[in-house]
Amino acid sequence: MFKEVGKASFPGLEQAVIEFWKEHDIFRKSLHKEAPQGNYVFYEGPPTANGQPGVHHVISRAFKDLFPRYKTMQGYRVGRKGGWDTHGLPVELEIEKKLGFSGKKDIEDFGIAEFNKLAKESAFEYIQEWNDMTERIGFWLDLDKPYITYENSYIESCWWVMKSLWDRDLLFEYYKVTMHCPRCNTSLADHEVSLGFEDDVDDPSVWPKFPAYKDKLVQLGLLDAADTRKVYVLAWTTTPWTLAANTALAVKAEASYSLLEAPAAYGQEVERHLYIMATELADSVFGEGQYQILKTVKGAALIGLSYEPILQGRAPAGEDLTKGFRIIADDFVSLDDGTGVVHIAPAYGDLEVGKQYDLPTLFSVDLAGEVYPEVMAPDSRETRGPYTGQFFKKADEAIAQDLMDRGLLYRETRVKHAYPFCWRCGTPLLYYAKSSWYIRTTAVKNKLLTNNQKINWYPEHIKNGRFGKWLENNVDWALSRERYWGAPLPIWVSEDGQEQLCVGSVSELEELTGRDLSKLELHRPYVDEISFVKDGKTFKRLPYTVDVWFESGSMPYAQWHYPFEHKAELKHNFPADFICEALDQTRGWFYSLHALATLLTDSGDAATKRPAGALNDISQDSSAFKNVICLGLIVDEKSEKMSKSKGNVVDPWTVLDNQGADALRWYLYSSSPPESSKRFSQNLVEETLRDFFMTLWNSYSFFVLYANLDKPDLSKDVPVAERPEIDRWLVAKVHALTRDVSNCLDNYDPTGASRAIRDFVVDELSNWYVRRNRRRFWKSESDSDKLAAYSTLYEALVTLSKLMAPMAPFVSEHLYQNLVRQLDSTAPESVHLAAWPQYEEVLIDEDLLRDMNALIRIVELGRGARAASKVKTRQPLPEVLVRVRNEAELQGLKHLENQLLEELNVKAVRYLDVTADFVDYTVKPNLPLVGKRLGKLIPELKRRLAELDGKEITRNIREGKDTVIELLGEAHSFEPEAFLIDAKSPEGYAALEERGYLAALNTQLSPELIREGLARDVIRLVQNARKNAGLEVSDTINLGLEAGGELKAALDVFGETIQTEVLAKQLSFTGLTSADYQEEGEVEGQMLRISLSKAA
RNA sequence: GGGCGAUUAGCUCAGUUGGUUAGAGCGCGUCGCUGAUAACGACGAGGUCGGUGGUUCAAAUCCACCAUCGCCCA
């Protein structure tokens, strides 16, 4: 019938299931099975396979797998194209490390072609490990035809995206400040910068004096028109070399600034100058009493004040210098140190400010950190400045000295502060504005925000929190990178720099060049070599690659090589219904997907004449995804971040090999909500295994064990209505569970779903239903009651296998194969091809559920009372007194009386009326009900209730009458529901009482009951003897029992019961002559000799 | 420095719109039960609900500030 169920070995079982799936091509079949509900779209966020997969990858894959499986069972088609991110800096760094390189120069000397070849190879260095892990944890993903970001087709789609943005004037060139190492001549990525920060770096600290034009000062009434003295705006900087790049000074609008008179230079006692600076900082600059304040205004008043540059810089061609050298006001200005006037040099760090206030950009040093010849005093007549070619740090000193000599420095000293150095060569880094390409995301900022409102974020707070805030502060997306291994930026520029052209496809490039480029690899350096002549000018490609986030964000289109191929696919697979990645993707993949989708589906803007996006015909103003789960990060048992350097990384394989993938997945789903950081250790997974999987396994193996003995005809369905109450209860629970799990999963709540299943399996199925009903399965008569029990348990297990399938795909497959496919070869071949269970509301019998709840409460209390009475459960007791909270529960409990008698091993139940006089009561106010009404009178009511006789109120309640209580001289009327009653334990009973429930045991024993208790002990000893004799559960025996005194008397009375319980065909009260097995035991101090042999 | 989140028993976590005695599982101790169970049941120890202040008849829950941790940004 069913395959025998042995001891659980989940890792072994899982391997077998993997083989089964492979052999029968189940995943493929799940992709092609009928899908009446249509498509459910999942996007795989591509990982990089250039390193070992770790636990954090297992997590995201476990969550990614769940919903596609669920939706497949619900009748959706869920394509799951795998994808690999192959480009980018991490890959390059890995190669550099292998080759012992330290920067771009090494790469270029080595050769970009060769370098990229190595990068390409390394992109899949660990592909086998990734595929193994993916298969082992049961992540179903189409890995046969994945999208790969380095493939020409993928890159060509990226080009198409860029071209479509270019056509709408959404790609543009501007400066970008990067951390630049002048020695390595390369920009450093953020993480590289943070590697080389040093505290306590000794640097100059200078107070430059910018001569102000007086007209505005006069206008403001700060200065008399007749006053001929010069006025200086006093600033402060630690980088004198950037003074030649100064184009503005910034103040704080709401702070006070003063015109004051102070020494012309530090330590100077004779000559005095006029300065403008923040009032409150004058003390710290000049010293108390060393200056006189003449006038004070708000910073805002100074806006627009012009001043003279004190050092000339190099202006790029066409730069409009008339826009510079003025005072601006912004909130970033701090009054913590300096003068409250901030020197702004857009090229060397203040680019955003420069852009915001439309300032010109000047340069003082080149990319090697050497000072340009243009840097000199503005009135100098030289052709080359005195610092030409000097390293910027070295030039600092000379510049400061010259300014001092020219009277344009108040003071020069040294300061220690933090400054970044190149982690490779130790050279001080430059903030340097380089030319860069941007996507004008700010043009669609409002749409980014409104489209975000359409996304369901899990957890919800990300929507208007982290992600929403990020969108509100949106700046244009810096697209270009000066790197090697990445999709090339398809922009060609004419020799004279006057014309630029974006290429959107290979065929377009073929047209321009007149060459067959079908064999061209769309990577550097091959693409760099492609040039063409147009209108008499030669065009060359700008040697940039693009941000890898642009590539992965283009994945909805590029995975299909859109629009060059599979045009229809995009229509049916955009946007995604579901994506899922770790929280750190907020500004990574989540953003790039969202931004590109918003740009491409943009319906345009009439006011700014922005045309509609290229995908506006497929979708209008849409994000790329509808539902997204953000996963927390993985930490170790001590809540510390896992990292190789700490050595606390848990290898997923340890857990996979010992506890198995299902246990690991289940732990991840159920331990905490997806967004919480997950503590992770083998112990915690082991706990999940024991608590949940072992319990499930035991119920399952119990069923199979007895079903194989009894061979019930499970095709004969006992109508639910005809089954005993306990069965109908379990049926109701199963349907309620189906409803709850479906609801949870519909709301992307795997934690709720898995916890509901766990509670059902452990508390309801195993520890209540199976335990309570064991005997129904042993009984040998094949009556309808037994069949009802088998059907009920069978249906529960089968439904469970389906409900668990999305989360624990292996064990559910195993259950399904043995329970369903063994019986019915026409059933779907795999649980993952089966339909998701439907629940029937009518079968969720709420009354029955409530009654059983009351029973369970009473049983719990009864067991407690038992323990307190010190009378063991084997000893039957004459009576239990029971009180429940209301009439409905009382009636319900009466239905379930047999359960109560058996469970507590008592002979009779006496139901106490809800307000029986037998016990005393305490009456409490029902606070949620009367609290709001009474307000401050609550303490008084509590006090009065303690004084009053509970009996009177309970009588009113029983009769449905209101109770009138006087509170602080005013009569208040209370309806029956306004009170809660607790019964006190009656005297002379072993009783427990809690929240309206009471169970009290009568512990008086009659000789008859004592004998019955003894008989139960005998049964237990015989059962042990059977076990010791090595008999099977179903074996029948011949039994001899020898005893004397009271024990013999018990045997006489209960012999037949004993015989039935232990499956004895014959029972004699003398020793068996030819016993297979003998043993002696003791019951309540009396000897019992057991001899038994297996019956024929 | 800014934003977002977290903090409840030794550990992992629940705790509805504020409302009766803050719960569960694991672990620990005692006792009990056992022919499905590597189980199960009862009881016990273990909690200043991160801290301080506030609102309220009533705060783990609402507000303010602070602390610690995490992520992101500067």
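Contact annotation: R690(A) side-chain N/O to rA38(B) OP1/OP2 distance is not under 4.0 Å. One finds a side-chain N or O of S672(A) lying less than 4.0 angstrom from the OP1 or OP2 phosphate oxygen of rC13(B). For rG3(B), neither phosphate oxygen OP1 nor OP2 lies less than 4.0 angstrom from any side-chain nitrogen or oxygen of R466(A).
Counting to the nearest Å, the C1' atom of rA39(B) and the CH2 atom of W697(A) are 16 Å from each other. Atom CD1 in I462(A) sits roughly 8 Å away from atom C1' in rG5(B) (whole-Å rounding). For the pair N474(A) CG and rC73(B) C1', the interatomic distance rounds to 14 Å; values are reported in whole Å. Computed from coordinates, the Y790(A) OH to rA36(B) P distance equals 12 Å when rounded to whole Å. rA38(B) atom P lies 18 Å from atom CZ of F692(A), rounded to whole Å. One interatomic measurement links the two molecules: CH2 of W768(A) to P of rU37(B), which rounds to 20 Å at whole-angstrom precision. We find that CG of D763(A) is positioned 14 Å from C1' of rA39(B), with the value rounded to whole Å.
A salt bridge links R690(A) to E686(A): at least one charged side-chain nitrogen sits closer than 4.0 Å to a carboxylate oxygen.
Ranked by how close their nearest RNA chain B nucleotide is to the 5' end, P673(A) and K469(A) are led by K469(A). Comparing L927(A) and R771(A) against RNA chain B, the residue whose closest nucleotide sits nearer the 5' end is L927(A).
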**Study point:** Watson-Crick or G-U pairs under 3.5 Å in RNA chain B, rendered as dot-bracket with [ ] for crossing pairs and | for another strand
**Key:** (((((((..((((.....[...)))).(((((.......))))).....(((((..]....)))))))))))).
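Applying the salt bridge (Lys or Arg N to Asp or Glu O under 4.0 Å) test to D691(A) and every residue at least two apart in sequence or in another chain returns R758(A). For E940(A), the salt bridge (Lys or Arg N to Asp or Glu O under 4.0 Å) partners are R943(A), not counting sequence neighbours. In this structure, the side-chain hydrogen bond (donor to acceptor under 3.5 Å, both in side chains) partners of N773(A), at least two apart in sequence or on a different chain, are R776(A). Residues meeting the salt bridge (Lys or Arg N to Asp or Glu O under 4.0 Å) test with E687(A), sequence neighbours left out: none. Evaluation of the salt bridge (Lys or Arg N to Asp or Glu O under 4.0 Å) rule for R466(A) yields no partner, not counting sequence neighbours.
Base engagement by S699(A) is indicated by at least one non-hydrogen atom pair under 4.0 Å involving a base atom. In this structure, T695(A) reaches neither bases nor backbone, as no heavy-atom distance under 4.0 Å exists between it and the strands shown.
Proximity note for R774(A) (side chain, C-beta onward) versus rA36(B), rC4(B), rC40(B): the nearest is rA36(B). The side chain of R755(A) sits closest to rA14(B) out of rA14(B), rG25(B), rC72(B). Proximity note for M694(A) (side chain, C-beta onward) versus rC73(B), rC57(B), rA38(B): the nearest is rA38(B). Among the nucleotides rG25(B), rC72(B), rA36(B), the one closest to any side-chain atom of E687(A) is rG25(B). Among the nucleotides rU37(B), rC73(B), rC57(B), the one closest to the side chain of I938(A) is rC57(B).
Screening Y706(A), F2(A), F777(A) for a ring pair (Phe, Tyr, Trp, His ring centres under 6.0 Å) involving Y790(A) leaves a single residue, F777(A).
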